[in-house]
Amino acid sequence: MEQIYNFSAGPAVLPKTVLQQARDEMLDWHGSGMSVMEMSHRGNEFISIIENLENDLRELLDIPQNYKVLFLQGGASSQFAMVPMNLLQNKTQADYINTGEWSKKAINEAKQFCTVNIAASSEQMHFTYAPTQDQWHLDPAAAYVHYTSNETIGGVEFNWVPKMLDTHIPLVADMSSNLLSRPLDVSLFGLIYAGAQKNLGPAGLTLVIIREDLLASPLANTPTLFNYQAHAKNNSMLNTPPTYAIYITGLVIAWLKKIGGLETIEQINISKANLLYDLFDTSDFYHCPVTKSDRSRMNVPFTLKDPSLDNAFLEQAKDNGLIQLKGHRSVGGMRASIYNAMPIEGVANLVAFMKDFAHKNA
Ligand SMILES: *Cc1c(COP(=O)(O)O)cnc(C)c1O
C-alpha cells in the first residue's frame with residue numbers, strides 16, 4: 001500500500017497504530033468472541049471500555065471532580081441547540097463571539113432560543129483574527145459566553161483562554177477541532193463540547209464536559225435526549241451510545257497518554273505548524289490570510305499567488321500522496337488540517353512538495 005497523507009478537516013486522519021489495533025481486535029475483542037460493534041452497551045465488556053475512556057480522558061485533561069463527561073451523539077451541531085436549551089435557565093440572553101463559519105452556525109441556532117449579543121466579531125475583517133478580550137463587550141445579563149476556540153474553516157485559533165470577570169457567568173467553548181491538541185485548564189470553563197471526528201476519533205461521538213452546577217432544568221418542552229441532566233444521571237446510557245466510536249476514541253486517548261500526553265503532543269503540533277507557517281513567511285508564492293498570533297495549529301489555510309494554478313497544485317499533490325488539501329467551499333484556496341494524528345513526516349513531505357511546486361511555477 002502506498003503511503004498517503006490525509007489532510008482532511010474531518011472526518012480526519014487517525015493514528016495508524018490505533019487502526020492496526022482495531023483491526024486486530026475487530027472480530028474478537030479481548031477474548032470475548034465478539035466485535036465491539038456487537039456488544040450490548042450495558043454488558044460488562046462495553047462498560048469497561050467506556051469507563052476506561054472516561055478515566056483516561058480525566059487523567060489526560062486533569063478534569064476536576066465537579067465536572068461530568070458525557071458521550072453523546074448528534075455532532076457538535078446538536079450542541080448549538082443543547083447549550084441554550086440547557087444553560088439559559090431563567091435568562092433570556094447569551095453572549096457569542098463571532099469568529100467564523102462555525103460560530104455563525106452556533107449563533108443562528110441560539111437565536112431560536114434567546115437574544116444573542118454578539119460580544120465581539122471579526123467578520124468585518126473576513127474572519128482573519130481572534131478578537132482580544134479588551135474588544136469583547138460582555139453583557140452582565142448573559143446566561144453564558146460562547147466562543148469557538150478553533151475555527152476549522154478559517155484557521156483562526158484562540159491561543160489563550162478568555163478570563164471571565166463575572167465568574168458566575170459560565171464560559172462555553174466549541175473545541176471540536178482543537179481539544180486535546182494542547183494542555184487545557186478545564187476549570188476555567190462551564191462547558192466544553194467537541195465532535196469527535198476532527199481530533200479525537202471517528203464521527204458519531206460528541207463529547208461534552210460540563211460543570212455539575214450547570215446540570216439544572218432546561219427550557220420547557222426540551223426533548224429528553226437534549227437534556228444534559230438526563231444524560232448525566234444515566235451515565236450517557238439514556239439510550240444506546242455510539243459504541244464503536246467510543247471504543248476507537250478510547251484507543252486514541254490511550255495512544256495520546258502513551259506518547260507522553262498533552263505537553264508532548266503540543267510540542268509536536270507546534271513543530272508541525274511551524275514547518276508550514278515558516279514557509280509562508282519566507283515565500284511570496286503562498287499566502288496565509290490569518291493574523292500571525294491567531295494562526296491555528298490544527299487547520300492551516302493558504303492561497304497560491306496565482307489561483308489558476310490551484311487545480312494543478314491539488315493534482316500534483318495527490319500524485320505525491322498528499323490528499324484532501326482543497327480549501328472549504330466557502331473560502332476557496334487550500335487548507336491543510338494537521339491534527340494530532342498527522343505525523344510530522346506528512347507535513348515535511350507537504351512542505352517539500354510546496355517548495356518544489358513554487359520553484360517550478362515561479
Ligand atoms: C466540524 C465542526 C462542527 C460541526 O460538527 P458536526 O459533528 O458535523 O456537527 C462544529 N464546530 C466546529 C468548530 C467544527 O470544526
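Please read all numbers here as calculations on a predicted model, not as lab measurements. Whatever order the structure lists them in is the order used to number ligands and atoms, beginning at 1.
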Below 4.0 Å, non-hydrogen atoms only: which portion of Phe80 touches ligand 1? Side chain, backbone, both or neither. side chain
With salt bridge (Lys or Arg N to Asp or Glu O under 4.0 Å) as the rule and sequence neighbours excluded, what pairs involving residues 178-207 come up? Glu157-Arg182
Determine, considering heavy atoms only, which of Gly195, Ala106, Gly204, Ala76 sits nearest to atom 6 (P) of ligand 1. Ala76
Taking non-hydrogen atoms only, is Glu151 closer than 4.0 angstrom to ligand 1 via side chain, backbone, both or neither? neither
Note the single closest protein heavy atom to atom 9 (O) of ligand 1, along with its residue, its atom name and the distance in Å. Ser77 OG, 2.6 Å
Would you kindly specify which portion of Gln197 sits under 4.0 Å from ligand 1, judged on non-hydrogen atoms: side chain, backbone, both or neither? side chain
If you scan protein heavy atoms around atom 11 (N) of ligand 1, the nearest is Asp174 OD2, 2.6 Å
Can you confirm whether the side chains of Asn340 and Asn269 place a donor and an acceptor under 3.5 Å from each other? yes
Using only heavy-atom distances, determine whether the side chains of Asn227 and Thr222 contain a donor-acceptor pair under 3.5 Å. no
Taking Asp28 for the side chain and Ser32 for the main chain, is one N or O donor matched with an acceptor at less than 3.5 Å? yes
Return the closest protein heavy atom for atom 2 (C) of ligand 1 as residue, atom name and distance. Lys198 NZ, 2.5 Å
One finds that the ligand 1 atoms under 4.0 Å from a non-hydrogen atom of Thr152 are 12 (C), 13 (C), 14 (C), 15 (O)
Are Asn349 and Asn320 linked by a side-chain donor-acceptor pair shorter than 3.5 Å? no
ring-ring contact (aromatic ring centres under 6.0 Å, His included) pairs, two or more places apart, involving residues 318-344: none
Measure the distances from the heavy atoms of Asn150 to every atom of ligand 1 and state whether one is below 4.0 angstrom. yes
Check for a donor-acceptor pair, side chain of Gln135 on one end and backbone N or O of Ala120 on the other, with a separation under 3.5 Å. no
